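All values below come from the heavy atoms of this structure, side chains included, with hydrogens, waters and symmetry mates left out. Residue numbers start from 1 in every chain, and the chains themselves are labelled A, B, ... in the order their sequence lines are given, proteins ahead of strands. Small disclaimer: the values here were computed from a predicted structure and weren't measured.
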Amino acid sequence: MLQDKAHPLLSVRNLTKSFSGKLVVAGISFDLYPGQVIGLVGENGAGKSTSKNMLCGLLEPTDGQILVNGQTVESNEGHAHGISAVHQELSLFGSLTVAENMCIGALPGSRLRVDWQQMQCIAREQLNFLGMDIDPDAAVFSLGAGQQQIVEIGKALLHADKVLILDEPTTSLTALEREKLFRILDKLKERGMAIIFISHFLEEIYRVCDSYIVLRDGHQVAGGALAGVSRRKLEALMVGRALEESADHGDVSDTGTEALRVEHLDSADCRDISFAVRHGEVVGIAGLMGAGRTEMAEALFGLRPSTGSVHVQGALLTERSVAAMKALDVCYLPEDRRNNGLFLNRPVRENLSAAAISRFIRRRLLKLGFAGERLATQTFSRAMGISIPHIDVKVDALSGGNQQKVLLGRWLASEPKVLILDEPTKGVDIGAKFDIHNRIGEIARAGAAIVVISSDLPELLQVSHRILVMRKGRIVGEFRRDQFDSVKIISLAASTGEEGLAT
Amino acid sequence: DSITLGLSVDQLFESRVGVNNAIKAEAEKRGYALIEVVADGDAQTQNQQIQSLITQGVDAILVCAVDQNTIERALMAAQRAGIPVVAYDRDLPASRVVAAFVGPDSLSDGREAGAYTAEQLKAVEGEKVIVELIGALNDQNGIDRSKGFREELASLDNVKLIEVPTDWDSARALSGTQNAFQANARVHAVYAATDTHVPAVETVLADLGLLKKVGEDGHVVVTGVNGSNDGYQAVANGTADGIVVMDLDATGQTAVELASRLLNGDAVDRVNVISGNFYTTDNIESNKDTIWGAR
Amino acid sequence: MIKALSESVQTRPVAPVLIALFIGFSLFSPYFLTTGNMEALLTANSVVLIASVGMTLVFLLGGIDLSISTVISVSAVVSGLVMAGTGSIWWGAMAAMSVGLSVGLVNGLLIGLLGLTPFITTMATQLIARGVAFVLSKGIAVQGTPYGMLDFGFLTFHGIPAVTLTALLVVAVCMLLLTLTDWGRHVMLIGSNRNAARYSGINVRWVEVSVYSVSGLLGGIAGFISIATLGNAIPGVGDTLLLIIIGAVVLGGTTMEGGEGSIGRTVLGVGLLAVLISGLNLLGIPFYDQLIIQGLLIFLGTWLAMKLSARRH
Amino acid sequence: MKTFSGDALTRQKWLPIAIANAVFSVLLAFASPAFLSLANFQSMLVQSAVTAIMAVGMTFIIITAGIDISMGAILFFSSALFAQLMIDTQSYLLAFAAALCCATLLGGINGLLVVRFRMSPLITTLATYSIYRGMAIHMTGAQNIPVPREMGFLGNGRVFGVPVPILILLVIVVAGVYVLNHTRLGVYARAMGSSTRSARESNLPTAPVTIMVYAIGGFVTGVAALILLARVGGLQSGIGIGIEFTVIAAVILGGTKLTGGSGTVIGSVFGAFFLVLIENGLNLMNASPYIYDIVRGTVLLAAVMVDRLSVRRQQKALLAVKAARFDQPQSVGSTT
Ligand SMILES: Nc1ncnc2c1ncn2[C@@H]1O[C@H](COP(=O)(O)OP(=O)(O)OP(=O)(O)O)[C@@H](O)[C@H]1O
Ligand SMILES: Nc1ncnc2c1ncn2[C@@H]1O[C@H](COP(=O)(O)OP(=O)(O)OP(=O)(O)O)[C@@H](O)[C@H]1O
Ligand SMILES: [Mg+2]
Ligand SMILES: [Mg+2]
């Protein structure tokens, strides 16, 4: 697949897209050479995913040209020219197996006879290549978020022959898998594949990209070789202002009373989980993909069958159900925002108020109507920095990061006493991420107990007072803030290092 | 000023179309105009349609109701507008509006088939198993055909009657008959509330190798009511014993005639029945001309 | 309230199609826009309107209620029997509503609590309800319904039939419930994403039980109204209505997937079908050609409506 | 680490309905001595042939998250066309070909409209239901048309002692199972039902697949029409109207979800058979016609409960498998 390195593989000229008059991508132009990796960065809603969709033929550009090997590509056929993508919202089929998902774009065998054996082989090979232990026969819906993301990457890699676009491919991956992915990207690069890499993690951009393009409100505000551009500069370009460092959370006073105590929690994917969180404390939970963190959170929240006991504010919960939890001001932010979080075809307003609608019920006149819902949700939405024209747009039309902010907004707005956040900043841009970290700190200082599950270790190191490490469904270690050490945490999670470090 | 008749039909199927054609022919003969509306089995729609006939200023309304008593409301509006109403095929006994009814005498039709069946089975020793394919449970004609049939069976003793509801649907008649034959080692007779089910019965008999002609050993007595081509063919072939043939032409003619007399202010009988004729293999060919389905 | 109404009038792409048909029929048939015809049209469609609102709620929830048409039948029969027995219209109304409510409740409990599939469950209760209607009535109209019912059917206010007003009242109440209460909001959210609703702490089961119950209740009311419009309680009265009800709801733009649509749209859908059928009849088009034209117009109407709403966004 | 595969949950959707069939059969065998005979089972299979054949096609449609309300009308129309052509031309070949082609075409038109106009399948096929039915009545004037006696072969003929409808059913089921499980079409159909968005993003040929599945639905309806016609002996106005609800019920009883994504052909056939079983039981016991519907409804409910229970059981089994993982010796002891 050796290509001529002197001629661009992909040229984009003045690519423009507007949704019913609103300009979303405003004339971006760039060239992409074989073996080159361009980082596409920008805030939430800057137009990155929209650009990707136009490149791989899912959206018709309002204006502009896409050229592959110097030839103009008609819209809707990017895929036919070897452009493939890892989509931000995974393009998987839940009820199909991993192997079927990976091979669906080019099923082996003939039209009338799919070669299952070969499909198995291809999938296995691909999974080995990715270094992942996933059963090719498993139905995708039964996989955790991280594994699904791996499947999506494997699927895209299978079909990519010229250009690969990765739209936030690492949001559910932990450091280990990320590094694996990057090494694969390096290999592809050597083979002459051209890559567009979209991410909110700037360290990843520096790790994999040669050049960069910054989008702000759909405009291409900067671009060029990455070497020599400082991280601060890049951030400033994206946000349009310099970012301040987020405040250090410091230590929590030991005096806080216990808000949440979990004892011997057992469920399908986690075993013998015991821990406690005090008021004002932020506990991070680290672990590899599929370590059972989501499972544990859902089990303790009453979303899955489980045994063991959970105490909230000292009182034992006899019946664990979402309603009971909510009554005690315990909240859970789910990881899978599309399936378990958002009401996609409902407006942002209803999504924001979904968990607290009863609070807005008008007291007068037969309790009909919702007083102040619009105002309150507008306030949340502004506080969360969600960029939308008005509060009644459907969530479906929002960019990935903004969707995440809506979801987060719903739970932060409900003023919880105990808050469990599963991957809270998935897909959120750097500016907003710092805001969210600060919010978490504020809420904790105000007396809430917070559990943060995250695959982004720096995030955990930043916000937590204490980090628990999970591996294969069990808690295998605990670190206090003064013991934080990313290497140790990772090695414990991966079980490559010494056993149980901290106490 | 010419006369316009409104024709409100419950649903379209073969024998209904037969009467309607007779009505149309008679109306044409008399120089009447005719507006036809079909309710497709929905009582609400029929009400609305009758109302629209009234709005369009028809002089008289001929109606075959979706269900007896379902259209009283619209008929009262007709009465207020001074439009006489004639019911055909399906009587509306409780109605205070309908001035006249013309239609089959379903009780007597059922009796004729019943009497024949009873006569044939008299000689059978032991239990006499009879399968009855019942029409719709909410259709008075269906109910009466069943009632008449059973009245005549009373003369037999040791009868086992197997009721198979069909809702006038041949597919259901088919599976019901098939199951009935599975459940009983020997079935002596089948009675179909409509002879359009006879071919389905024949299918079952053929399946089991029981399709014998009248008079042959092991023949299953098959009777029905209606006079369709299906029934006529089967009787003419000798695979079915006999059918009660309704006189659709006379029904249609009488309906228009009644309307005409009501319009003239003449007195008419409230109930005008046109009873059917029972034809067997012996006399069906000679009466071919009077069988609507045979044309 | 005003806001809810204006909201429901907006984004109703079926409306222009309805208006166009209305004007068209008025021009082509001198009988279309007469009080007699309009009265008949409104009366005949009141039952469908009430039942369609029930079906709309169920659709919004992401379910389906096949039993609603036979709930009409069985509650009409029971109501008729009660009225014949007691001579009281009020007792009849109570009976109809309680029969409808109980069938709905059974549906709701089976679907919401036991987690059975709505399609088969409501199909089963449909069959049972139909059987009960036949057993109770022996297949024929209930005799002895008070004449007061028919008078009710004939009653009009300023040319609008009382039964239609009743239907509109029911529609309005349901609209209020759907748009202005947390219950209504929960219905929409569950329909949009059942999982997310569960994760948000919405009591999904209870809402499901209640929606099917309300749907049953509306079927009961429709059954009662059917006695007024037909003059009698008939065991098969609702059986033919199922496709019409589903058609009206979907035509209005409420989808079976849930979370999208509104009662206002259904009202327009019912209106569109009603006008269509009445107009085609008055034009003297043969029944079978009416079927063809109806199909074409349903298709074109929905398509046009979709185009119009796409343009608006 | 071997991850647990979702197979058990997706592949054996037909198991519950098979169990329901078995349980109900045993009950009937006790209740009626006539039930347990080869002849009775053969007759039930023959009776279920029409709906089962249609259910095979409907399975494909529902798996793509579609639905076809017009199937009954297609059955009516193609029967009418066949009967009319037999009268007019006396040519079996022509009539057969025309009926099958026409049914396939009408189904294909449904699919075409669904993809071309992007309207919900429910409203689209509701519209075509009305159109096809109107066309059929228009063509025949609501008359009954008998078909030639030799046609009966299709309905009750036997080949090697096996009734022809059963043979046809067998062929269609085998073909259906093959297409769904071993061809691209099958994989695409399941994928599309699983997620429309992903199907679009993965560049699946959604338009041709949609048209194909509806055309398949049309084709099997045409086959069913011919069998039904042969068995009832002729065209009757409105034949087949309403049968789609029975067919959909069979498919859903068979474990296919209305929301699409997964399902099995075998399950649908079991579903169709179950519906016949109920009818058979009622007939065998000579139940009063008035309670027919009540019994039918009750048995249906019982069947979905069995389904529900077995799903619960499967879930429990899954949990047990997962829990067993923890009981294996772990490489690392836990602390804390
Ligand atoms: N279908 C649509 N209709 C209307 N607006 C849309 C639609 N899709 C995206 N948008 C808008 O286009 C803008 C750009 O969205 P896009 O998804 O490209 O952002 P992004 O850069 O990928 O952001 P993120 O980092 O949050 O994923 C957003 O303001 C979004 O609301
Ligand atoms: N050993 C395993 N075998 C089968 N499935 C597993 C296994 N481990 C995890 N899973 C799947 O992963 C999920 C449990 O992992 P969970 O989602 O809780 O992990 P996580 O730590 O949150 O990781 P991530 O969200 O990054 O995938 C379950 O849905 C389960 O189906
Ligand atoms: Mg994006
Ligand atoms: Mg997780």
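- Of the two parts of A:Ser353, only the side chain, counted from C-beta on, holds a non-hydrogen atom closer than 4.5 Å to a non-hydrogen atom of chain C.
- Closest non-hydrogen pair, C:Ser192 versus A:Asn345, comes out as OG-OD1, 2.7 Å.
- Heavy atoms of A:Leu303 lying under 4.5 Å from chain C belong to its backbone as well as its side chain.
- A:Lys22 does not touch chain C: none of its heavy atoms, backbone or side chain, sits under 4.5 Å away.
- Only the side chain of A:Arg410 comes within less than 4.5 Å of a heavy atom in chain C; its backbone stays farther off.
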Quick one: do C:Asn193 and A:Arg346 satisfy side-chain contact (heavy atoms from CB on, under 4.5 Å)? Show the steps, please. CA-CA 10 Å; C:Asn193 187 343; A:Arg346 303 305 303 167; over 6 Å; no
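- Minimum interatomic distance between C:Asn195 and A:Asn339 (heavy atoms only, all atoms of both residues): CB-O, 3.2 Å.
- Note on A:Leu342, A:Leu407, A:Asn340: by heavy-atom pairs under 4.5 Å with chain C, the leading option is A:Asn340.
- Other residues, nucleotides and ligands contribute more than 12 heavy atoms inside 6.0 Å of the CZ atom of A:Arg338.
- Of the inter-residue distances, the one linking C:Tyr199 atom OH with A:Asp336 atom CG reads 8.0 Å to the nearest 0.5 angstrom.
- Among the candidates A:Gly341, A:Ala355, A:Ala324, A:Gly302, the residue making the largest number of heavy-atom pairs closer than 4.5 Å to chain C is A:Gly341.
- The OG1 atom of C:Thr181 lies 9.5 Å from the CD1 atom of A:Ile357; values are rounded to the nearest 0.5 Å.
- Of the listed residues (C:Gly184, C:Ala197, C:Gly258, C:Ala196), the one with the most heavy-atom contacts under 4.5 Å to chain A is C:Ala196.
- A 6.0 Å sphere centred on CH2 of C:Trp206 holds no more than 12 heavy atoms belonging to other residues, nucleotides or ligands.
- A distance of 10.5 Å separates CZ in A:Phe343 from CZ in C:Arg185, rounded to the nearest 0.5 Å.
- With hydrogens and angles ignored, the 3.5 Å screen pairs a side-chain donor or acceptor of A:Lys326 with a backbone N or O of C:Ser200.
- Interface remark: C:Arg198 contributes backbone and side-chain atoms alike to the contact with chain A (heavy atom separation under 4.5 Å).
- Taking both residues in full, the closest heavy atoms of A:Val322 and C:Gly201 are given as CG1-CA, 3.1 Å, listed atom of the first, atom of the second, then distance.
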